[in-house]
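Atoms within each ligand, like the ligands themselves, are counted from 1 in listed order. Only heavy atoms go into these numbers, but all of them, side chains included; no hydrogens, no water, no symmetry mates.
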Amino acid sequence: MKRRSSIPIPVGSIVIGGDHPIAIQSMCTVPISNTSACIAQIHQLNQCGADLVRVALPDRESLEFLPEVLERTDPIPLIADVHYDYKIAIEAIHQGIPKIRLNPGNIKNAERIRDIAFEAKRMGVSIRVGANSGSLPEDLAHLLKAEALAEAAMREVRILEEAGFDQIIVAVKASDIQQTLEATRSVASQCSYPLHIGLTEAGTLFSSLIKSSALIGSLLQEGIGDTIRYSITGDPIYEVRAAKILLGSLGLKKGPIVIACPTCGRTDAPVEEWAEQIEAFLGFCDVSITIAVMGCAVNGIGEGKEADLGIAGTKHGGVIFRKGKVVAAYPKDQLWNRFFVLLQEVIRERA
Ligand code: SF4
């Protein structure tokens, strides 16, 4: 697929857009006032694969915790999520945040937006214009939702540009897939800024995984999208894992792929448990390898022959195979240890 051409925008230690890898985002669910836990969650998300982490600054009091969070999470790029109060954005910029997210629906005064742009430019900070379908400006209510979303974002982009600011990333999100697709395509055709893509309020794990993958996968296949976020009601680690799996599966990011059979009446192994343990083990791995987890040796070895390393169940344990060739069969009490030794060997070989 040919990627849409976009302007590279630095955000702290990384760059979004241009030819840079598609960045994975997530958002801290711990309030910044719970500083140590917030810092721990940012590190955890980053170690699992989040390239950037957004942190809510709900009020001016929350600013007193930001310097410590910035210092103790350096160099992980953080994004300050600011609504309504432009002074919070300006103070966060002064404290050293590398990126601000503004919602056109709730900081509406163009003069205030220009004030933020002026300070952001002076301090080398980027701004994400993030329009959401739930908080659109009232004067756009007569438009179709996708048109209103795109126009809300582009109108704020124009205000920033008129203020001489161009370090912009744009997002337009609804919880509806079709509206978000249309709005994102519209913005993609109107500007060259990098696009942050995803749904908003996508729901709990199962619901969001399906809806977000449909949306993000479709746009990425069209070459649209420079940074992605799965919005999931639940532990944000799942957002990062989902994003890694999607990007890896589309060949857009290095990383492991675990394939597992659906199981059937031939199954001789706890495939789901094995696959989950292997996925958890590979959570921090950024080496491109494919691992097959199969329920039986009868069909599993052939079905998993593309895998760099595979494991298939047998009546008394299992077999380990590489590229469809059996390495050895092991009884239950030796199988798992032997598999993990080989897994580490394969990772070292491919690193
Ligand atoms: Fe069934 Fe074996 Fe195929 Fe798994 S690999 S679905 S256990 S036949």
Side-chain angles (χ1 to χ4, degrees), residues 48-49 202-218 220-221 230 232 234-235 237-351:
C48 276
T204 51
L205 183 62
F206 198 62
S207 169
S208 177
L209 288 179
I210 293 167
K211 293 194 291 183
S212 299
S213 297
L215 180 275
I216 298 171
S218 298
L220 290 176
Q221 292 286 13
Y230 273 74
I232 295 174
D235 190 334
I237 284 295
Y238 291 120
E239 299 187 350
V240 181
R241 282 182 68 184
K244 276 181 77 171
I245 291 169
L246 181 72
L247 292 178
S249 304
L250 292 174
L252 296 169
K253 188 171 183 69
K254 283 187 177 174
I257 294 174
V258 178
I259 60 170
C261 83
T263 74
C264 70
R266 290 183 195 274
T267 306
D268 286 323
V271 176
E272 185 181 6
E273 186 188 318
W274 281 3
E276 282 177 351
Q277 286 189 47
I278 293 166
E279 281 178 353
F281 180 81
L282 293 171
F284 302 107
C285 175
D286 59 1
V287 176
S288 292
I289 49 168
T290 301
I291 307 300
V293 187
M294 311 305 269
C296 74
V298 180
N299 289 336
I301 297 169
E303 297 285 337
K305 66 177 183 295
E306 305 295 333
D308 299 294
L309 184 66
I311 184 168
T314 61
K315 287 271 175 286
H316 305 291
V319 292
I320 297 173
F321 56 96
R322 297 186 68 168
K323 292 283 182 192
K325 297 218 163 30
V326 172
V327 175
Y330 296 96
K332 276 194 180 105
D333 59 340
Q334 293 174 26
L335 179 67
W336 208 231
N337 280 350
R338 190 62 200 137
F339 177 78
F340 276 99
V341 169
L342 278 172
L343 179 55
Q344 288 170 73
E345 269 179 42
V346 172
I347 292 170
R348 274 197 298 275
E349 281 170 19
R350 300 292 295 271

- [ ] Could you check whether the rings of Phe340 and Trp336 sit parallel, tilted or perpendicular, using 30° and 60° as the cut-offs?
- [x] perpendicular
TODO: Rounded to the nearest 0.5 Å, what's the gap from OG1 on Thr267 to CG on Asn299? Could you check?
DONE: 10.0 Å
Task: Proximal ligand 1 atoms for Gly295, defined as those under 4.0 Å from one of its heavy atoms - done: 4 (Fe), 7 (S)
Open item on the list: Against Pro256, only a single residue in Ile289, Ile245, Ile347, Asp308 fulfils side-chain contact (heavy atoms from CB on, under 4.5 Å); can you say which?
Closed with: Ile289
- [ ] Report the nearest protein non-hydrogen atom to atom 2 (Fe) of ligand 1: residue, atom name, distance rounded to 0.1 Å.
- [x] Cys296 SG, 2.3 Å
TODO: Take Arg322 and Val346 through the test side chain to side chain contact (heavy atoms under 4.5 Å, CB included) and record every step on the way to the result.
DONE: CA-CA 10 Å; Arg322 297 186 68 168; Val346 172; 3.6 Å; yes
Task: Protein contact of atom 8 (S) of ligand 1 - nearest heavy atom, named by residue and atom, plus distance - done: Asn299 ND2, 3.3 Å
TODO: Return yes when at least one N/O/S atom of Cys261 is nearer than 2.8 Å to atom 4 (Fe) of ligand 1, and no when none is.
DONE: yes
Open item on the list: Tyr230 and side-chain contact (heavy atoms from CB on, under 4.5 Å): which single residue from Leu209, Val240, Leu205 fits?
Closed with: Leu209
Task: Options Val293, Ile301, Thr267, Asp268, ranked by nearest heavy atom to atom 7 (S) of ligand 1, top entry - done: Thr267
Open item on the list: Suppose I only count heavy atoms of Arg266 and a 4.0 Å limit; which atoms of ligand 1 are within that range?
Closed with: 8 (S)
- [ ] Starting at CG of Leu220, measure out to OG of Ser213 and round the result to the nearest 0.5 Å.
- [x] 10.0 Å
- [ ] Could you find the nearest protein heavy atom to atom 1 (Fe) of ligand 1 and give me its residue, atom name and distance?
- [x] Cys264 SG, 2.3 Å
